[in-house]
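Worksheet: the structure to be examined is printed underneath.
If you read the sequence from its start, that first residue is 1, and numbering goes on from there. All ligand and atom numbering here is 1-based and tracks the order in the structure. Quick caveat: nothing in here was measured; it's all calculated off a predicted structure.
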Amino acid sequence: MSVIQSIDMDDIYKELKNNTIKIDANGNDISSEEDSGSATSDSIEENENESIEQLKLRSLTRYNDGSVKLRNPYIEQLESDYLYHLSLGSASHDLHEMFGDVKFVCMGGTSSRMKDFAYYVMKEIGHKLPAGTQLQDISELSGRYSMYKVGPVLSVSHGMGTPSIGILLHEIIKLMYHAKCKDPTFFRIGTCGGIGIDGGTVVVSNEGVDGCLRNTYEVAVLGKNISRPAKLDQKLARELMSLADLERDGYETVCGKTMCANDFYEGQGRLDGAFCDFTEKDKMNFLHKCKDFGVVNIEMEATIFGALTYHAGIKAAIVCVALLNRLKGDQVSTPKDIMLEWQKRPQVLVSRYIKKKLRLSHGH
Ligand SMILES: O=P(O)(O)O[C@H]1O[C@H](CO)[C@@H](O)[C@H]1O
Ligand SMILES: O=c1cc[nH]c(=O)[nH]1
């Protein structure tokens, strides 16, 4: 058995490596700043700082009318911007006409899930298609992602892992800008492995952490690692939790940290990949440490989803259903029909939220 370097879990709070630049939501380099949030810090001052940060973020990411502003001066200079992986362009399509009314962008890994969600949410919000028509996959030509529009809801597939959802997030955020969408809210509707929770349990994430339990998303840009906070909207998470109802739903909904792994097998401590250089004891120790740290589930997109939406000043939430309890095994072998029923659960919660917001905005 080859030797691998073990993760020193006690080092998780230490500074990132020297060649990593930490940037805050406003794009400032904060690599040299001490970590804030010690138990002795004054909470009123923290709240004030938080509000100031939110205001600065808003001025960087919104025009006065609430429409999405990009943090990239080069886009304005382009004569036309082609969103290659969506098969849509600012010159070839009237993006404002097509998407200007979008308020909710829902993403999930597979095309079939996002098509099902589009039909489900259509029924839930009472959206009617013209007689004899059906929903069209707007990005079909790209052959990469599938996208359906149901009134103010966009339902898009993102594929697997951070690179895939990262490309989509860049293009969808640009789409929001070209379409002049006002204050959109983003959701990831997914599946995950639970830690200490039964299969079928729904998880609302309160933050994303990476495979070393850091609450950041790191990416190499021009030869340097850039690290951005992987934050999710706390109020939105609480509101989603308030819409869950154990008695009515018949299943549990919990809130906690979500680990974003860069791999399904070794990266999630599975013993059933093509390779495994650790023991079952190592795996269980790691999963228990994650659990003690507040991690309730593992998937493969949470950090980048939190980081890019936060950087864009977009309210975002992740709702996943656990397909298994990783403390009890690694194989995902639940029968297909049960799995499909479980996958509906995050859709039900997100639809409830959308319905509630639409009712409020229509004044009833
Ligand atoms: O939530 P969905 O889209 O199912 O994605 C989850 O499932 C995939 C692995 O099977 C990863 O992409 C993980 O994040
Ligand atoms: O264990 C699991 C199940 C779904 N998706 C993951 O990434 N991990």
Side-chain angles (χ1 to χ4, degrees), residues 105-118 144-148 155-169 172 186-205 207-211 217 230 232 240 254 256-274 276 283-284 286-287 290-291 295-309 316-336 338-350:
V105 177
C106 303
M107 302 179 182
T110 66
S111 307
S112 59
R113 186 189 311 152
M114 298 326 287
K115 186 176 182 181
D116 287 351
F117 177 70
R144 296 284 185 183
Y145 307 109
S146 293
M147 178 157 70
Y148 300 90
S155 181
V156 202
S157 67
H158 61 59
M160 282 194 280
T162 54
S164 183
I165 196 173
I167 295 165
L168 180 73
L169 281 165
I172 290 279
F186 282 22
F187 296 94
R188 188 177 112 65
I189 296 171
T191 65
C192 61
I195 305 186
I197 54 175
D198 290 333
T201 304
V202 174
V203 178
V204 176
S205 311
E207 68 177 44
V209 296
D210 70 8
Y217 166 67
L232 294 162
L240 285 163
V254 300
K257 294 179 189 173
T258 296
M259 175 181 282
C260 171
N262 271 335
D263 167 48
F264 186 78
Y265 290 100
E266 291 172 282
Q268 297 188 20
R270 279 190 153 82
L271 301 168
D272 61 348
C276 185
K283 165 196 153 177
M284 293 311 288
F286 176 72
L287 291 180
C290 291
K291 187 169 183 279
V295 176
V296 285
N297 63 339
I298 310 179
E299 43 81 285
M300 296 177 61
E301 291 86 13
T303 52
I304 190 168
F305 182 80
L308 297 201
T309 50
I318 304 177
V319 186
C320 288
V321 68
L323 300 183
L324 75 169
N325 178 358
R326 289 296 316 289
L327 297 181
K328 294 189 177 159
D330 294 338
Q331 294 258 310
V332 181
S333 51
T334 309
K336 198 83 195 153
I338 296 182
M339 206 102 92
L340 285 175
E341 191 273 306
W342 285 355
Q343 284 192 39
K344 276 251 172 265
R345 295 176 178 184
Q347 303 180 23
V348 170
L349 193 61
V350 170

Within this structure, what is the [atom1]-[atom2] distance for the pair [X] and [Y], rounded to the nearest 0.5 Å?
X	Y	atom1	atom2	value
Met107	Arg188	CE	CZ	10.5 Å
Glu266	Lys283	CD	NZ	13.5 Å
Arg270	Phe264	CZ	CZ	3.5 Å
Phe305	Ile165	CZ	CD1	6.0 Å
Lys328	Ile195	NZ	CD1	14.0 Å

Compute the minimum heavy-atom distance from Gly161 to ligand 1 and say whether it is under 4.0 Å. yes

Is His158 near ligand 1, meaning one of its heavy atoms is under 4.0 Å from it? yes

Which of the atoms of ligand 2 are close to [X], meaning less than 4.0 Å from one of its heavy atoms?
X	value
Ile298	6 (C), 7 (O), 8 (N)
Cys192	2 (C), 3 (C), 4 (C), 5 (N)
Glu299	7 (O)

Sub-4.5 Å side-chain heavy-atom contact between Phe186 and Leu169: yes

Can you check which of Gln331, Arg270, Met160, Met259 brings a heavy atom nearest to atom 1 (O) of ligand 2? Arg270

Could you check which of Cys260, Gly193, Gly109 puts a non-hydrogen atom nearest to atom 2 (C) of ligand 2? Gly193

For [atom], the protein heavy atom that lies nearest, with its residue and separation:
atom	answer
atom 7 (O) of ligand 1	Thr191 OG1, 3.5 Å
atom 8 (N) of ligand 2	Gln268 OE1, 2.9 Å
atom 12 (O) of ligand 1	Glu301 OE2, 2.6 Å

Considering all heavy atoms, the nearest [X]-[Y] contact:
X	Y	result
Ala230	Tyr217	CB-N, 4.3 Å
Ser164	Gly159	OG-CA, 3.6 Å
Thr191	Arg113	CG2-NH2, 3.6 Å
Lys257	Asn297	O-OD1, 3.4 Å

Contact atoms of ligand 1, heavy-atom distance to [X] under 4.0 Å:
X	answer
Gly190	1 (O)
Glu299	14 (O)
Gly109	3 (O)

Return yes when atom NZ of Lys115 has more than 12 non-hydrogen atoms of other residues, nucleotides or ligands closer than 6.0 Å, and no otherwise. no

Side chain, backbone, both or neither: which part of Leu324 comes within less than 4.0 Å of ligand 2 when only heavy atoms are counted? side chain

Taking N or O atoms only and a 3.5 Å limit, does Gly108 qualify as a polar contact for ligand 1? no

If I apply the N/O under 3.5 Å rule, does Arg188 come out as touching ligand 1? yes

Does Arg326, backbone or side chain, put an N or O under 3.5 Å from an N or O of ligand 2? no

